[in-house]
Structures are given as structure tokens and as C-alpha cells.
Asks: 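I am attaching a structure below and will ask some questions about it afterwards.
Convention: sequence-line order gives letters A, B, ...; per-chain numbering from 1.
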Number of protein chains: 2
Amino acid sequence: MMSDDKDKKRFGIKDIAKLANVSIGTVDRVLNNRKDVSEATRKKVKDIIKEYNYQPNLYARSLSVKNNIKISVIIPKTSLQTGYWQLCLEGIRKGIQELEPFGIQTEVFLYDQEDVHTFLEVSEKTIKSQFNAVVIAPIFIKETEAFVKKCHRKKLQTIYINSDIPTKSTLGYIGPDLNSTGRLAGNLTSYLVGTNAKILILNIAKGLENYKYLDTKIEGYKTYLNNLNKNFRIEVVDIPYNEYTEVEKELWSSIRKSNPDVLFVTNSRVSVVGRFFYDHQEIKKPYIIGFDFLEANVDYLSKGIVDFLICQRPDKQGYFALNYLYRFFLLKENVMNFKPMPIDIITVENYMFYEN
Amino acid sequence: MMSDDKDKKRFGIKDIAKLANVSIGTVDRVLNNRKDVSEATRKKVKDIIKEYNYQPNLYARSLSVKNNIKISVIIPKTSLQTGYWQLCLEGIRKGIQELEPFGIQTEVFLYDQEDVHTFLEVSEKTIKSQFNAVVIAPIFIKETEAFVKKCHRKKLQTIYINSDIPTKSTLGYIGPDLNSTGRLAGNLTSYLVGTNAKILILNIAKGLENYKYLDTKIEGYKTYLNNLNKNFRIEVVDIPYNEYTEVEKELWSSIRKSNPDVLFVTNSRVSVVGRFFYDHQEIKKPYIIGFDFLEANVDYLSKGIVDFLICQRPDKQGYFALNYLYRFFLLKENVMNFKPMPIDIITVENYMFYEN
DNA sequence: TATTCTCTCGTTAACGTTACCGAACATTGC
DNA sequence: GCAATGTTCGGTAACGTTAACGAGAGAATA
């Protein structure tokens with residue numbers, strides 16, 4: 001009613017131009033660090049920008065600029081056994097959708113984590129096309145390292161998600177700290193059992209030789225528990241199968257043998273262990289700790305069979321990687337080193353609120 | 001190189017217009033459900049929109065539209081004893097910053113949670129000014145209910161954060177489910193101790209009569225544990241003080257008396273209990289469970305004195321409330337009912353990765 | 001028949017920024 | 001002294017959308 005609503009115009013490029021007695025073109029040149037501006041006027045404009053704390057309107061910028069940035073995303077394809085990568089893909093799709101109006105084109109390549117040739121194939125495709133950056137979830141370590149080296153020669157930015165490998169990418173790594181992940185499992189274990197407890201560590205996956213990173217988790221787990229000096233008896237068993245019937249046989253024999261108080265499954269395959277104890281309720285169930293917020297895992301969590309799920313939000317990782325590239329290319333933000341992703345603890349009493 | 005890079009122009013309002021043989025003005029009228037369009041052309045345009053799955057460019061829209069939406073945020077002010085609201089405020093500030101380029105004006109009012117008059121004052125100010133919506137963190141229940149009723153009469157949208165109260169707001173509640181929060185604490189407790197364990201529940205705060213919601217937590221906690229039929233001996237003690245020296249005296253006597261195995265602090269004041277056991281290392285420390293990711297709490301977590309912190313991300317709540325209003329007013333998205341916020345479990349082994 | 005009104009629709013300025021084009025002037029080379 | 005080249009800057013179209021303005025056709029009124 002009253003002339004109370006002062007026209008709160010945004011302080012923009014035009015206002016700077018007026019104050020500095022130059023054209024908006026010149027201001028733009030200063031803002032974007034382009035040439036063709038004398039030092040005197042550059043300083044004058046910069047001073048005003050600082051004085052008035054000018055903040056560019058990112059929405060206007062994204063409207064004006066026509067981007068031509070192409071991003072390749074290379075991750076394992078979802079298999080029946082591990083819905084894990086489905087979650088990652090969902091985060092990536094969300095990121096793609098947000099970036100699309102900015103003119104960033106993204107192409108997703110899925111490879112079979114049991115077949116190195118499929119990885120070589122998609123990496124070759126990425127090299128051949130004109131991409132500006134590539135997001136990689138490394139499984140085949142040697143092949144991935146060779147690939148990123150090629151990328152760097154072609155000035156292609158690289159970024160890892162999910163697990164880190166020795167050869168550094170240009171933009172870093174987005175994912176959990178695997179050693180800490182193991183330590184956290186150890187920490188939870190220490191609350192569950194006392195001196196002399198028997199602990200069984202299970203690696204369940206076909207082609208275990210490709211999952212070097214599991215060793216890091218195990219090391220963190222063992223180190224943590226051994227440092228407590230409680231004489232825990234820890235045993236590691238590899239079960240290199242994917243099919244339930246095969247896994248069941250192995251489980252049957254090793255659980256018979258060691259009769260553990262705690263079962264620590266080092267990856268997302270904990271649901272098969274859940275199923276085992278669901279099917280064999282005659283056996284006394286140990287405490288069970290596993291990884292990842294997959295439907296099957298949550299199912300056995302809700303049934304009270306799995307006790308703790310340690311989760312690392314694969315969807316956030318995928319989304320974050322794309323968001324990071326957006327900031328790198330469009331906002332030209334300085335590259336920060338990533339903090340590792342959060343590690344979440346999920347039980348039967350908080351799983352229903354996880355992931356908004 | 002090759003003419004491979006097809007001009008991937010965005011499919012926009014102009015393309016719709018061309019396909020429908022109308023002007024962009026007409027398309028805009030259809031898109032925004034305005035009048036002055038014949039039914040025939042309206043249908044024709046709508047069909048094309050659906051067929052081509054047109055997605056409006058929100059950045060262009062926000063550039064074009066000049067909003068005049070004013071939001072009031074009413075939360076407790078940060079006190080020395082509880083840095084909790086500082087976190088909430090930070091999330092809100094982040095939200096404000098993001099919304100500012102859309103022309104949404106936000107004003108934050110802080111009130112003293114120990115002085116109801118300060119709340120009445122800021123609520124009065126909100127009513128007097130011309131706001132479109134108000135975000136409220138309810139502490140004084142009766143006064144808040146009277147206030148939201150006034151708001152509704154003035155067509156002012158309301159939304160609660162942090163805790164819910166019986167009189168419904170128009171846009172719902174963003175925060176944790178308090179009963180589940182207590183159940184989760186019970187769940188963790190059940191992993192720590194066995195039959196006949198002694199458990200002490202501590203309510204620590206000046207003016208406890210204002211913290212009705214604590215009862216909900218306690219109820220969830222007790223119900224969960226009693227259902228286990230393990231004959232837990234649970235005791236509740238109120239300590240209606242804020243000063244450490246006063247709290248210490250009370251703690252001293254009640255811990256002497258009941259010598260608990262588990263200490264459950266129902267709010268963010270768990271750090272004072274941490275300090276107590278840090279100062280009195282001669283006393284055998286029980287397991288300690290408390291709430292909220294405050295610096296002081298995390299400090300005693302890292303020292304190994306506090307065992308579990310249950311956290312509800314107050315910053316996310318504040319941010320989410322503003323983001324929700326943005327979607328409500330600008331994107332005109334349909335109001336969905338909120339899922340409660342996640343409830344996180346923090347230990348000495350994952351606190352360093354919390355909150356990216 | 002002239003006037004007004006209503007309904008439908010096209011045209012256009014504006015939002016804040018980017019990037020290209022070329023003007024104005026200064027400097028260099030012959 | 002004149003052309004060629006450089007340097008610095010202003011002007012402006014464009015990005016996709018919104019909303020104000022007004023044009024044209026036909027209906028209703030005088």
C-alpha cells in the first residue's frame with residue numbers, strides 16, 4: 001500500500017557499469033577476466049564490484065551462455081546380485097536432469113564388472129568421442145589406470161567415484177574412506193560382544209580378485225578390534241560365488257565350523273546371509289553387520305536378522321560428482337579437495353527414515 | 001569435427017508455438033492457465049506439450065518473473081548452552097541465499113526460548129507485516145497455536161520445523177519423528193546391555209515445562225525396552241538447570257544412587273554429562289547416549305566418553321523448509337506430505353565424515 | 001449504421017548476462 | 001604521410017520465459 005516496498009532491484013552488471021562510467025561490455029570483460037581492458041578501468045570496476053559485493057545472477061548466466069560440455073559417466077551395470085549400482089545411477093540421473101538446462105550433455109556407459117572387455121569397450125568409446133570430462137567408478141584397476149592416463153593426454157578431466165585407486169584423477173575422488181568404513185564396523189562390533197568373542201569375516205562375490213578394495217575394509221576392521229586387546233578370534237572366509245545355492249553350501253560349512261558371535265559381511269551381499277538365517281531358524285543367529293541400503297538388505301534388517309547396515313549413499317556420490325563438474329566448468333569454482341562421504345549406520349529403528 | 005554435433009537446441013516455448021501455429025503468447029497463456037484462449041487451441045497446445053514432454057526452463061522463468069514473496073522465519077536464538085539452533089540457522093541462511101536471486105525476501109526473527117514474551121513480540125511483528133508464509137520452530141505450544149490460527153485467518157501459509165504440535169500448519173511439519181527417535185535410542189541400548197541392566201534417563205534443561213516433546217522421546221525409549229522383557233530397571237531424573245556446577249551436583253547424587261549401566265540424555269545437553277565423567281575419571285563410566293551434532297558433544301564423543309549421538313540435521317530442516325516454500329510458491333508443485341527427516345547414528349568412528 | 005464490448009490472439013519489452021562486431025583512437029612500419 | 005595493425009571500449013543480439021499492450025473480428029447495443 002504505502003510506498004514501503006522500495007524497488008529492491010538486484011544490484012547487477014548495469015549498476016556497476018553506471019557507477020564506473022563504462023559500458024556493460026567492459027564490466028563483463030572484467031568479470032570474466034578477459035583482455036581488452038586497460039589496467040586503470042579494470043581496477044576501477046573491480047573496486048566497485050568489491051565495494052558493493054556484487055553477486056552474479058547464475059540463472060541469467062546459464063540462460064545466456066551456450067555450453068558445449070560433454071560428460072561421460074562409466075559405471076558398472078546393475079546386476080541381479082547387486083542393486084548397488086542402480087542407486088548410483090539414480091543419483092547420476094538426477095544430476096543429469098539438473099544439468100541439462102545448462103546445456104551440459106551427459107552420456108552414461110555401463111560395463112559388466114565381471115567382464116573386463118566391456119570396460120575396455122566403453123573406455124575406448126569415451127576416448128574416441130569429444131568429451132570434456134569423465135566420471136569413473138573403478139573396478140578393473142590396471143585397465144582404469146591406463147585409461148585415465150590416456151584421458152589426461154587428451155586433456156580430459158577425470159574424477160573417480162565409489163573407490164579410489166593409486167593413479168590420481170585430475171579432479172579427485174568422491175566416496176567413503178574405506179579403511180574408516182572397516183573401523184566403524186569394528187567399532188559397532190566392539191559394542192556387541194566381549195572378550196574372546198568369535199568373529200567371522202565374509203567376502204562374498206564372484207571374481208573376488210577384482211575387489212581389492214575389500215582388503216582395505218578388512219584391514220580397518222581387524223586393526224580396530226585387535227587394538228582393543230580383547231583376544232577376539234577373527235577368521236576370514238572367501239565365498240567366490242553369486243548364486244544362493246552355492247553360497248549357502250559354503251555358509252553352512254563355515255558357520256558350522258566356527259560358530260561365530262559376529263558375522264561381518266564386507267560388501268552389499270549381506271542379504272544372502274540374511275536369507276540363510278531366515279531359512280535356517282534352527283541355527284542360533286550371530287550378530288550380523290553388512291553394507292549398503294539395498295532393498296533385500298533392508299528386508300532382512302526389518303526382519304531383525306541383519307543388525308547393522310553401514311551405508312555410503314551411492315546415489316549421493318553420483319549426484320555429487322556431476323554437481324562438482326558443474327561447479328568446475330560453469331561456475332569456475334576452485335577445485336577443493338573432497339572430504340570423504342559420510343558413513344551412515346542403519347538399524348531396524350531408523351531405516352524407514354533414510355534417504356529423503 | 002564431423003557434423004556430428006547436431007544443434008541440440010532445447011525444446012522450448014517457441015517450438016511449441018511453431019508446431020501449433022500460434023504465437024508464444026498463446027502458448028504462455030496455456031502454460032500458465034490464464035484466460036483468453038479458445039478451448040480448441042488450448043487443447044492443441046496442450047497436446048503438443050504432452051507429446052514432446054516439454055519442460056520449462058526454470059532459470060529463464062525466474063529471470064523473467066519478478067516475485068514479491070516474503071517469508072518470515074521464527075526460531076529460538078542460539079544460547080551458550082545449546083548451539084543447536086545455530087546449526088538450524090545456518091541451513092536457513094543457505095536457503096535464503098539460494099532463494100534471493102528468485103526475488104524471495106526472507107526475514108529471520110529469533111526469540112528467547114526461556115522468555116515467552118519475546119516469542120509473542122516476534123509473532124506480532126510477523127502478523128503486522130505483509131508476509132506470505134512463516135516458518136516456525138514451536139517451543140511455546142499454546143502461544144504458537146494461537147499464532148498460527150491468526151496466520152490462517154490472514155491467509156498466511158505456515159510450516160513447522162523441528163517439532164510438531166497438535167494444531168496443524170497449512171504446509172505440514174519438517175523434522176524427525178520424535179517417538180522413533182526414542183525407539184532408536186532404545187534399540188542401541190539393547191545392544192549395549194543385557195538382562196536386569198540399570199538405565200538412567202536424564203532430562204537436562206532450565207524451564208523443562210516448555211519441553212513437552214521430550215516426553216515423546218522417553219515414551220518411545222521406554223516402550224521399546226520394556227517390550228524386550230529383559231527386566232531393565234529404568235529411572236527418569238529431571239535436572240532443571242543450565243549451569244554446569246548446578247547440573248554437576250545433581251548428577252553426582254543421582255549417579256551415586258542408581259549406578260546405571262546406560263545413561264540416556266534426552267536432548268543435546270549430553271556434553272555436560274560428558275564433562276562430568278571426564279572430570280571424574282574415578283567413577284566407572286556407563287554407556288552414554290545423547291543427541292545432536294554439537295561441537296561440545298562431538299568433543300566427548302571423540303574422547304570416547306559419549307558412545308552414541310543421535311542426530312537429526314537441524315540445518316537440513318531449515319534449508320528444506322525454505323526449499324519447500326520455493327517449490328510451493330514458484331514451481332507451484334503440489335504439496336506433498338513430508339516424510340520425516342532421517343535419524344542418524346554417530347559414533348567415534350564416523351563423526352569426522354558427518355555433514356558434507 | 002455507428003459505437004461499444006468481448007473474445008481471441010500476436011507483438012514486444014523486459015529480466016541479467018555473455019560474446020561478438022565494429023568504432024574510435026593510438027602506434028608502428030614503410 | 002599513409003596504410004596497416006593494436007588497444008580499448010560501446011553497442012547489441014541472443015538465451016527462454018512472462019505479462020502488458022493492443023489489434024482484429026464478430027456480437028451486442030444504441
Asks: Could you check L325(A) against L171(A) for side chain to side chain contact (heavy atoms under 4.5 Å, CB included), going step by step and ending with a plain yes or no?
Replies: CA-CA 9 Å; L325(A) 288 173; L171(A) 296 181; 3.5 Å; yes
Asks: What is the nucleic acid contact for N57(B), judged by heavy atoms within less than 4.0 Å: base, sugar-phosphate only, or nothing?
Replies: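 It contacts sugar-phosphate atoms only.
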Asks: At a cut-off of 3.5 Å, list every protein nitrogen or oxygen paired with a nitrogen or oxygen from nucleotides 25-27 of chain C, distance to 0.1 Å.
Replies:
none

Asks: Nearest heavy atom decides the nucleotide; on that basis, is L63(B) or E39(B) closer to the 5' end of DNA chain C?
Replies: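 The residue whose closest nucleotide sits nearer the 5' end is E39(B).
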Asks: Between dC15(C) atom P and D15(A) atom CG, what is the distance in whole Å?
Replies: 11 Å
Asks: Both K14(B) and R42(A) contact DNA chain D. Which one's nearest nucleotide lies toward the 5' end?
Replies: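 Whichever sits nearer the 5' end wins; that is R42(A).
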Asks: Rounded to whole Å, how long is the line connecting atom CG of L58(A) with atom C1' of dT18(C)?
Replies: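 These atoms are roughly 14 Å apart.
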Asks: Take the protein atom NZ of K18(A) and the nucleotide atom C1' of dG16(C), then report the distance between them rounded to whole Å.
Replies: 13 Å
Asks: Send over the distance from F11(B) CZ to dG16(D) P, rounded to a whole Å.
Replies: 12 Å
Asks: Quick one: which protein N/O atoms are closer than 3.5 Å to N/O atoms of nucleotides 10-13 of chain C? Pair and distance per line, please.
Replies:
residue : atom : partner : partner atom : Å
dG10(C) : OP1  : S23(B)  : N            : 3.4
dG10(C) : OP2  : S23(B)  : N            : 2.6
dG10(C) : OP2  : S23(B)  : OG           : 2.8
dG10(C) : OP2  : T26(B)  : OG1          : 2.6
dG10(C) : N7   : R29(B)  : NH2          : 2.8
dG10(C) : O6   : R29(B)  : NH1          : 3.0

Asks: On DNA chain D, check which nucleotide each of Y59(B) and D36(B) is closest to and give me the residue with the more 5' one.
Replies: Y59(B)
Asks: Find the distance N32(B):CG to dC9(C):P and express it as a whole number of Å.
Replies: 16 Å
Asks: Any idea how Y59(A) and Y59(B) line up, ring-wise: parallel (<30°), tilted (30 to 60°), or perpendicular (>60°)?
Replies: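 The rings of Y59(A) and Y59(B) lie parallel, inter-plane angle below 30°.
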Asks: Any side-chain N or O of S38(A) less than 4.0 Å from the OP1 or OP2 oxygen of dC9(D)?
Replies: yes
Asks: Roughly, in whole Å, what's the span from CG in L31(A) to P in dT17(C)?
Replies: 8 Å
Asks: Using atom CZ of R61(A) as one end and atom C1' of dT18(C) as the other, report the distance to the nearest whole Å.
Replies: 9 Å
Asks: If you count every heavy atom of other residues, nucleotides or ligands that lies below 6.0 Å from K125(B) atom NZ, does the total exceed 12?
Replies: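 No, the 6.0 Å shell around NZ holds no more than 12 heavy atoms from other groups.
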Asks: How close or far is atom C1' of dG10(D) from atom CG of D28(A), stated in whole angstroms?
Replies: 13 Å
Asks: Just checking, any donor-acceptor pair under 3.5 angstrom between side chains of Y52(A) and D15(A)?
Replies: no
Asks: What contact category does T41(B) fall into here, base, sugar-phosphate, or nothing, at under 4.0 angstrom with non-hydrogen atoms?
Replies: sugar-phosphate
